[in-house]
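Everything below concerns the one structure shown next.
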Amino acid sequence: MMKLKTITACLLAASCSLTAQQAQAENVVRWAQQGDIPTLDPYAFASTPALAFQNHIYEGLVQWNEQLEMSPALATHWEQLDDTSIRFYLREGVTFHNGNGFNADDVVASIARVTHPDSGIRGNASSIRDAVKVDDYTVDIRLSGKSPIALNELTGILMMDKEWLEEHKATAPTSMSKGTEGYATNHTNGTGPFILESRRRDAEMVLVKNGDWWQADQSSHNIDRIVFSPVASESTRLAGMLAGEFDLVSDIPLQDLPRLEREKGIDVKVRPSLRVMFLTLNMNDELNAGNVDGKNPLQDQRVRQALHMAIDREAIVKKIMRGMTEVANTYVAPAIAGYDAERAIAHGYDPKQAKALLTEAGYPNGFRLAFDCEQGYYLNAEQWCQAVQRYWSKVGVETNLNMHTRSVYSQIRDNGRTDVGVLGWANLPLYDAYSINQQLLHSKDGGIYGAFNIPRYQNDTIDTLIEQSSSEQDQPTRTKQMADVLAMAQQELPFLPLHFEPMAWATSDKLTITQNPDNVVRLWYASIEES
């Protein structure tokens, strides 16, 4: 009997050892960042980190490839039928993660869901009207009018499974701004390179390789498993990277970069991104902190300019952002169509002139504002929000500064419950100034325009130019229209630009991955040294 027990124990031990070896043989990428992905519903929230994660699971008809060029995805090719119709020929033999086949019915359902008024990314599908099935693998996307950006917008419309949506009563979209959730918030069913294995909110998500991915034979990635961990503590992310617990940290605190650069086995990747960091200003008739003599001071352009001039943005870039980016004097990055350096904001830090402008506007003693900042999402936002508060106090503008998590903050900002908020905008997935013009600068209409017009800014000339650019087919004319919009808005300052958010990644030297200026992590193009 003793001998039998010994043999059994040895067999069990061998089995355990074999399982451990198999686990070790897997190519695992351990990815950490400051905040969790708040929703897995691809139509709930216009967020670069959410988009980056969801693209590992879902795919669009078209996509930006690793060189940021437009390329086919679930559609093999397409043709413009007329000014308002594009015919897409779908890739055959593609299956969703649950085994359902992909076809035109899924495209029609997806387009209906993303263009629904309650969709959290309705503004990202502004040119799309609906989809009509031609046959099982042909579908016509009908546009609301002539559009030069329809394909750009379609890169951000990820395809969902009609049967799966119906089965789980998820045909209606959700929206983070409205605080709605559904089955697709925490569950997924895409056609992409990775399958969601598990999700524990604010703790961990695990993705596994999709062996049936239609691109599997052509893909260069060799990753079997992705373990994504939201780690709020900066010191914990740093310690984890130093200890070899993570292969990728996609938002390293800038002050920790020198420490990591000295470590063997760690690669540090830093560059400015496309994202401009803004302060949003409440231009409604009522301030949340209370009006001054019956007026909202922020409605006065002189006050907005004074607030901008009171901030030493160069000092913020040098000290808080560690000199790893630059001040933004335009609403868009140079790589975005519509950028015009010649009409950039000309004024800089000038507290004396800021005080004079406040006095001229009738506020020599300043006033008070409600100031809400997001914690754990934008790089070093807590520090630069505090710096802005100190700069404004020097010219007599006092603020009640409150820090919030993303889920709380989004509803405060998007529903106008603050006077000063923060917002980052990278013009994704369009790579085009129409994104900021349409969503931030056009007056809010409850439909495709003004979804993120937090200030409630309105300029009829700007509205007209934006609408004209949405259908203008001549690219030079359209680019000028977009540049004119930006120039006028930069003069009136409904949003105060601060700096371009730097991208700061740390990776194991075993991981080969491209860092593009859109700050989107694309692990399906990456590879890791095999264990």
Side-chain angles (χ1 to χ4, degrees), residues 35-55 57-58 60 109-131 144 153-162 164-166 168-190 196 199 201-202 280 372 374 376-378 404-418 421-430 435-436 438-456:
D36 197 10
I37 305 304
T39 177
L40 296 179
D41 187 336
Y43 306 160
F45 190 41
S47 155
T48 298
L51 176 72
F53 192 86
Q54 292 159 2
N55 269 269
I57 300 168
Y58 292 99
S110 296
I111 296 299
R113 191 174 188 269
V114 78
T115 56
H116 189 282
D118 291 337
S119 164
I121 65 164
R122 178 66 185 95
N124 284 359
S126 64
S127 66
I128 310 300
R129 176 182 161 195
D130 59 19
S144 53
E153 289 193 321
L154 284 165
T155 63
I157 300 175
L158 305 178
M159 294 294 110
M160 303 185 77
D161 177 12
K162 177 186 178 184
W164 182 81
L165 290 171
E166 291 175 343
H168 298 291
K169 298 179 174 56
T171 54
T174 62
S175 169
M176 272 199 66
S177 296
K178 296 179 180 179
T180 57
E181 292 193 355
Y183 189 79
T185 303
N186 297 306
H187 303 83
T188 66
N189 183 36
L196 179 69
R199 168 166 166 81
R201 292 179 78 156
D202 299 314
T280 72
D372 291 270
E374 187 165 2
Y377 187 73
Y378 298 127
H404 307 278
T405 60
R406 161 130 290 221
S407 58
V408 173
Y409 174 74
S410 293
Q411 294 188 50
I412 290 173
R413 180 196 63 197
D414 297 351
N415 292 292
R417 299 203 299 269
T418 188
V422 298
L423 179 69
W425 203 261
N427 298 283
L428 301 177
L430 270 64
S435 172
I436 186 172
Q438 172 237 344
Q439 300 213 51
L440 274 67
L441 302 179
H442 193 289
S443 57
K444 187 178 283 286
D445 72 346
I448 65 171
Y449 290 114
F452 286 88
N453 186 343
I454 311 303
R456 301 303 194 268

| task | State, with a plain yes or no, whether a side-chain heavy atom of Arg413 is found less than 4.5 Å away from one of Asp372. | result | no
| Any side-chain heavy-atom pair from Ile111 and Ile128 closer than 4.5 angstrom? | yes
| Heavy-atom check, side chain of Asp161 versus side chain of His168, under 4.5 Å | no
| query | Which pair of non-hydrogen atoms, one from Gln438 and one from Gly123, has the smallest distance, and what is that distance? | reply | NE2-O, 2.9 Å
| said: Looking at every heavy atom in both Ile37 and Pro49, which two are closest together, and how far apart are they? | reply: CD1-O, 3.6 Å
| task | Kindly compute the distance separating NE2 (His404) from OG (Ser410), expressed to the nearest 0.5 Å. | result | 11.0 Å
| query | After noting the C-alpha distance and the side-chain angles of Tyr409 and Val422, does the key distance pass the side chain to side chain contact (heavy atoms under 4.5 Å, CB included) rule? | reply | CA-CA 9 Å; Tyr409 174 74; Val422 298; 3.4 Å; yes
| request: Could you tell me whether the side chain of Thr171 reaches within less than 4.5 Å of the side chain of Glu166, counting heavy atoms only? | output: yes
| query | Does the ring of Tyr43 carry Arg122 above it, NZ/CZ under 6.0 angstrom from centre and within 45° of its axis? | reply | no
| To the nearest 0.5 Å, what is the distance between CG (Asp414) and CZ (Phe45)? | 7.0 Å
| field | 4.5 Å side-chain heavy-atom contact, Lys444 and Tyr449 | value | no
| query | For the atom pair CG (Leu158) and CG (Leu51), what is the distance rounded to the nearest 0.5 Å? | reply | 6.5 Å
| side chain to side chain contact (heavy atoms under 4.5 Å, CB included) assessment of Glu153 paired with Leu430 | CA-CA 6 Å; Glu153 289 193 321; Leu430 270 64; 3.8 Å; yes
| Nearest atoms (heavy-atom pairs only) where Ala170 meets Arg113 | O-NE, 2.8 Å
| request: Report yes if some heavy atom in the side chain of Gln411 is under 4.5 Å from a heavy atom in the side chain of Arg417; otherwise report no. | output: yes
| query | side chain to side chain contact (heavy atoms under 4.5 Å, CB included) with Leu440: which of Leu423, Ile454, Asn427, Asn453? | reply | Leu423
| remark: Shortest non-hydrogen pair, Ser126 vs Ile448, comes out as O-CD1, 3.5 Å
| said: Among Thr180, Asp118, Asp41, which residue satisfies the side chain to side chain donor-acceptor pair (under 3.5 Å) criterion with Thr174? | reply: Asp41
| remark: Distance col, row Leu154:CG vs Ser110:OG, nearest 0.5 angstrom, shows 11.0 Å
| note | Heavy-atom nearest pair, His187 first then Trp164, reads O-CH2, 3.6 Å
| query | Looking only at heavy atoms, which two atoms of Tyr58 and Thr188 are closest? And how far apart? | reply | OH-CA, 3.3 Å
| Looking at side-chain heavy atoms only, is the closest gap between Ser47 and Met176 below 4.5 Å? | no
| query | Are side-chain heavy atoms of Thr280 and Phe452 found at a separation under 4.5 Å? | reply | no
| query | When rounded to the nearest 0.5 angstrom, what is the spacing between CD1 in Ile157 and CD1 in Ile121? | reply | 6.5 Å
| Nearest-0.5 Å distance that lies between atom OG1 in Thr48 and atom CH2 in Trp425 | 9.0 Å
